[in-house]
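Comments concern the structure below.
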Amino acid sequence: MRKHNPIYKRALMLAVPMMIQNGITNMVSLVDNIMVGSQGTEAMTAVSIAGQLIFVFNLAIFGALAGPGIYGAQYYGQRNMHGFQSTFRIKLWLSLTCLIGGLLVFLLRDESLIGLYLHGESATVDSALTMTYAKQYLHIMLLGLPFFVVTQVYATSLRETGSSVKPMVGGVASVVVDIVLNYLLIYGNCGMPKLGVRGAAIATVLARVIEMSIVIIWAHLCRNKHVFLKGIYRTLRVPKELAGKVLRKGMPLRSTFPASSLGTRSVR
């Protein structure tokens with residue numbers, strides 16, 4: 001046991017910040033639900049519905065980045081910085097593809113997706129008003145998806161190098177900013193406009209911007225430690241052989257994540 005104590009300690013130092021950061025990622029939506037509750041049942045229901053749709057997109061991003069992450073951790077362990085940079089660039093391409101696909105689906109099928117959650121509502125809930133609130137919240141939240149995607153690309157890569165504190169700090173800051181801005185924008189406190197559901201969405205988007213800024217700026221300021229960031233954007237080309245291996249390895253992971261969020265069993 002004594003022989004393995006350093007391993008357990010390193011594992012905990014890496015895992016605990018990851019658990020905190022992942023919990024915080026989901027907490028941002030929870031904060032919106034709680035603080036919008038005072039605006040009425042329709043507003044709370046709308047935020048909850050839109051949050052579920054965004055959550056499925058988040059899971060798709062996590063699944064897309066899991067495949068490259070397997071190879072990234074291996075390359076970093078081998079001190080193969082060229083291979084690690086290639087996995088980082090693959091993450092950029094995969095997340096960009098998911099982002100474009102997600103935006104198209106949410107923009108073109110917003111009413112259909114929201115309507116799936118409105119069937120069977122009680123007579124005390126105004127479905128039309130709920131739909132209006134949900135669309136308002138969802139459309140503003142779409143502005144924050146690019147920031148969330150970039151944050152996840154950097155955060156997963158940093159974790160693969162053993163650095164999980166930076167993403168955690170960014171996540172904690174995002175929750176604090178979200179709570180403060182919700183207080184100001186939802187209720188119109190301290191001279192700010194009372195925006196209700198739209199205020200909750202704006203607060204979340206700004207929180208995502210803060211989170212991304214902290215993670216990226218902090219990581220690039222420590223480039224001597226995170227050497228893979230040196231010249232990372234010199235090119236976005238990736239070896240075809242590696243891309244094929246990553247896609248084959250990551251495809252089952254991408255299909256599993258969204259399926260689990262919908263309560264269905266994935267087909268392998």
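Computed from a prediction, not measured in an experiment: that's the story for all the values here.
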If every non-hydrogen atom of [X] is compared with every non-hydrogen atom of [Y], which pair is closest and at what distance?
| X | Y | answer |
| --- | --- | --- |
| His226 | Ala219 | CD2-O, 3.7 Å |
| Val149 | Ser95 | CG1-CB, 3.2 Å |
| Val238 | Ser86 | CG1-O, 3.6 Å |
| Arg159 | Pro167 | NH2-CB, 4.2 Å |
| Leu236 | Trp93 | O-NE1, 2.8 Å |
| Leu185 | Ala203 | CD1-N, 4.3 Å |

Are [Y] and [X] co-members of a hydrophobic cluster defined by side-chain heavy atoms under 4.5 Å apart?
| X | Y | answer |
| --- | --- | --- |
| Met44 | Met35 | no |
| Val176 | Ile217 | no |
| Leu108 | Met131 | no |
| Val47 | Val180 | yes |

Are there over 12 heavy-atom neighbours, none belonging to Lys230, within less than 6.0 Å of that residue's NZ?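 Buried by this count: over 12 neighbours within 6.0 Å.
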For the CD atom on Gln78, are there more than 12 heavy atoms of other groups (residues, nucleotides or ligands in this structure) within a distance under 6.0 Å?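 For Gln78, atom CD is crowded (more than 12 foreign heavy atoms under 6.0 Å).
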In the structure I gave you, are the side-chain heavy atoms of [X] and [Y] within less than 4.5 Å of one another anywhere?
| X | Y | value |
| --- | --- | --- |
| Val153 | Ile61 | no |
| Val215 | Leu158 | yes |
| Val197 | Gln39 | no |
| Leu206 | Phe147 | no |
| Met192 | Tyr187 | no |
| Pro146 | Leu99 | yes |
| Thr151 | Ile214 | no |
| Gln85 | Arg234 | no |

Can any side-chain N or O of [X] pair as donor or acceptor with the backbone N or O of [Y] at less than 3.5 Å?
| X | Y | result |
| --- | --- | --- |
| Arg198 | Gln136 | no |
| Asp110 | Lys135 | no |
| Ser213 | Val209 | yes |
| Ser174 | Gly171 | yes |

Run the numbers on Lys245 and Glu241 for side chain to side chain contact (heavy atoms under 4.5 Å, CB included), then give the verdict. CA-CA 6 Å; Lys245 289 166 60 178; Glu241 182 180 355; 4.2 Å; yes
Quick one: do Ser157 and Tyr76 satisfy side chain to side chain contact (heavy atoms under 4.5 Å, CB included)? Show the steps, please. CA-CA 10 Å; Ser157 298; Tyr76 188 81; over 6 Å; no
For side chain to side chain contact (heavy atoms under 4.5 Å, CB included), just list the numbers for Lys194 and Asn189, CA-CA rounded to whole Å, side-chain angles, deciding distance to a tenth of an Å, and then say yes or no. CA-CA 8 Å; Lys194 183 177 180 180; Asn189 292 314; over 6 Å; no
For Tyr154, enumerate each residue passing the ring pair (Phe, Tyr, Trp, His ring centres under 6.0 Å) test, keeping only those at least two apart in sequence or located in another chain.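 Per chain and number, Tyr154 pairs via ring pair (Phe, Tyr, Trp, His ring centres under 6.0 Å) with Phe88, His220.
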Verify side chain to side chain contact (heavy atoms under 4.5 Å, CB included) between Ile54 and Tyr137, making sure each step is shown before the conclusion. CA-CA 11 Å; Ile54 296 295; Tyr137 184 84; 5.7 Å; no
Looking at Phe106, is Arg109 sitting on its ring face, NZ or CZ under 6.0 Å from the six-membered ring centre and within 45 degrees of the normal?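 Checked: cation-pi criterion not met.
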